[in-house]
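For reference, the structure discussed in these notes is given below.
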Amino acid sequence: FFEVTLQKRVPHGAGLGGGSGNAATTLYAANELTGRPASNAQLLEWSGDIGSDISVFFSNGAAYCTGRGEVVEDVTPPLPLDTRMLLVKPPVGLSTPMIFKSLDLDRRSTADPLQLLGGMTQAGKISPDFCVNDLEQPAFDNLPELLQLKQRLIKEGGEAFDAVFMTGSGSTIVCVGDDTAP
């Protein structure tokens, strides 16, 4: 058994995978401290059993995830690693279970995620057309101020941002193309 003290740096309810990253780190550290009895493939499999988004933290960087997020395929990064981004985390967070319960399946995008990824990779840059997050609808329905924040960043960021979108189940808004707040 291990005693773990967690110093959380990623804000709760930000849609940035903070809790999942902490779980993956704990699983990885426990494996390391016990002499690596589990392979990376086993850690990946177990992480999917523990939680939906933990598995991505066992990827080699950029990844395409399916299922509940537990099926991970390493991919070439679709954007240059030095792409400038601004992350805006409002003072409010969102509950992931609440967002999924609010998801209207009839309002989901019909875009093929692999085609979006391929288009972004081929273009070597991002555009709003490639940024599809079906969880924006329930997040904005539950927290209209979040939609207002996104619209404000698009308007005030002007040409500086190539794309503006919400991460995961929210509430962080990502502005790609510049890291300067408007």
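Residue indices begin at 1 and follow the sequence shown. Not measured: the values here are computed from a predicted model.
Between the CG atom of Leu153 and the CD1 atom of Ile173 there is a distance of 7.0 Å, given to the nearest 0.5 Å. Atoms OG and NZ, on Ser171 and Lys89 in that order, are 3.5 Å from each other to the nearest 0.5 Å. Rounding to the nearest 0.5 Å gives a distance of 9.0 Å between OH of Tyr28 and CG of Leu43. To the nearest 0.5 Å, the span separating CG on Asp112 from CG on Leu116 amounts to 7.0 Å. Rounded to the nearest 0.5 angstrom, Asn31 CG and Thr26 OG1 are separated by 12.5 Å. In this structure, CG on Leu146 lies 6.0 Å from CG on Leu94, to the nearest 0.5 angstrom.
With sequence neighbours excluded, no residue forms a salt bridge (Lys or Arg N to Asp or Glu O under 4.0 Å) with Asp129. For Ser95, the side-chain contact (heavy atoms from CB on, under 4.5 Å) criterion is met by Pro97, Met98, not counting sequence neighbours. Residues meeting the side chain to side chain donor-acceptor pair (under 3.5 Å) test with Thr172, sequence neighbours left out: none. Under the side-chain contact (heavy atoms from CB on, under 4.5 Å) criterion, Gln148 pairs with Glu145, not counting sequence neighbours. Shown here are the salt bridge (Lys or Arg N to Asp or Glu O under 4.0 Å) partners of Glu159, two or more places apart in sequence or in another chain: there are none. Among residues two or more places apart in sequence or in another chain, the side-chain contact (heavy atoms from CB on, under 4.5 Å) test is passed with Thr110 by none. Applying the side-chain contact (heavy atoms from CB on, under 4.5 Å) rule to Pro77 yields the partners Ala62, Leu81; only residues at least two apart in sequence or on another chain are considered. Under the salt bridge (Lys or Arg N to Asp or Glu O under 4.0 Å) criterion, Arg152 pairs with Glu156, sequence neighbours left out.
Taken together through direct or relayed side-chain contacts under 4.5 Å among Ile, Leu, Val, Met, Phe, Trp and Tyr, Ile154 and Phe165 form parts of separate hydrophobic clusters. The hydrophobic clustering, which links ILVMFWY residues whose side-chain heavy atoms are closer than 4.5 Å, places Val4 and Leu33 together. Hydrophobic clustering (side-chain heavy atoms under 4.5 Å, transitive across Ile, Leu, Val, Met, Phe, Trp, Tyr) groups Leu143 together with Val88. Hydrophobic clustering keeps Leu114 apart from Phe130 (ILVMFWY residues linked when any side-chain heavy atoms are closer than 4.5 Å, directly or through intermediates). Using a 4.5 Å cut-off between side-chain heavy atoms of Ile, Leu, Val, Met, Phe, Trp and Tyr, with links allowed through other members, Phe58 and Ile50 fall into the same hydrophobic cluster.
Shortest non-hydrogen contact noted between Gly124 and Pro80 is O-CD, 3.8 Å. Smallest separation of non-hydrogen atoms from Val75 and Tyr64: CG1-CB, 3.9 Å. Of all heavy-atom pairs spanning Cys65 and Val72, the tightest one is SG-CG2, 4.0 Å. In plain terms, the two heavy atoms of Phe161 and Asp178 that are nearest each other are CE2-O, 3.6 Å. When every heavy atom of Met85 is checked against every heavy atom of Asp179, the shortest pair comes out as O-CB, 3.2 Å.
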Which atom pairs, donor and acceptor, lie under 3.5 Å between side-chain atoms of residues 132-139 and protein residues at least two apart or in another chain?
unit_1	atom_1	unit_2	atom_2	d
Asn133	OD1	Leu135	N	2.8
Asn133	ND2	Met166	O	2.8
Asn133	ND2	Gly168	O	2.9
Asp134	OD1	Ser109	N	2.8
Glu136	OE1	Lys150	NZ	2.9
Glu136	OE2	Lys150	NZ	3.3
Glu136	OE2	Met166	N	2.8
Gln137	OE1	Asp104	N	3.2
Gln137	NE2	Asp141	OD2	2.8

Mind listing the side-chain donor-acceptor pairs of residues 12-22 below 3.5 Å, one per line with the distance, residues two or more places apart or on another chain?
unit_1	atom_1	unit_2	atom_2	d
Asn22	ND2	Gly18	O	3.2

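Side-chain contact between Arg84 and Thr180 is present, with heavy atoms from C-beta onward closer than 4.5 Å. Residues Cys131 and Val174 fail the side-chain proximity criterion, which asks for heavy atoms closer than 4.5 Å. In this structure the side chain of Phe140 never reaches within 4.5 angstrom of the side chain of Asn142, judged on heavy atoms. A 4.5 Å side-chain heavy-atom check between Pro37 and Thr34 finds at least one atom pair inside the cut-off. Residues Leu79 and Met120 are in side-chain contact: their nearest non-hydrogen atoms beyond the backbone lie under 4.5 Å apart.
For residues 43-55, the pairs satisfying side-chain hydrogen bond (donor to acceptor under 3.5 Å, both in side chains) are Ser47-Ser55, Ser52-Arg68, with sequence neighbours left out. Within the structure, side-chain hydrogen bond (donor to acceptor under 3.5 Å, both in side chains) contacts touching residues 113-125 (residues at least two apart or in different chains) do not occur.
With Asp162 contributing its side chain and Ile126 its backbone, the two residues share no donor-acceptor pair below 3.5 Å. Without hydrogens or angle criteria, Thr167 side chain to Gly170 main chain gives no donor-acceptor distance under 3.5 Å.
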How far apart are the C-alpha atoms of Ile99 and Ser102, what are their side-chain angles, what is the distance that settles it, and do they pass the side-chain contact (heavy atoms from CB on, under 4.5 Å) test? CA-CA 5 Å; Ile99 296 305; Ser102 301; 5.6 Å; no
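The environment of Lys155 atom NZ is sparse: at most 12 non-hydrogen atoms of other residues, nucleotides or ligands sit within 6.0 angstrom.
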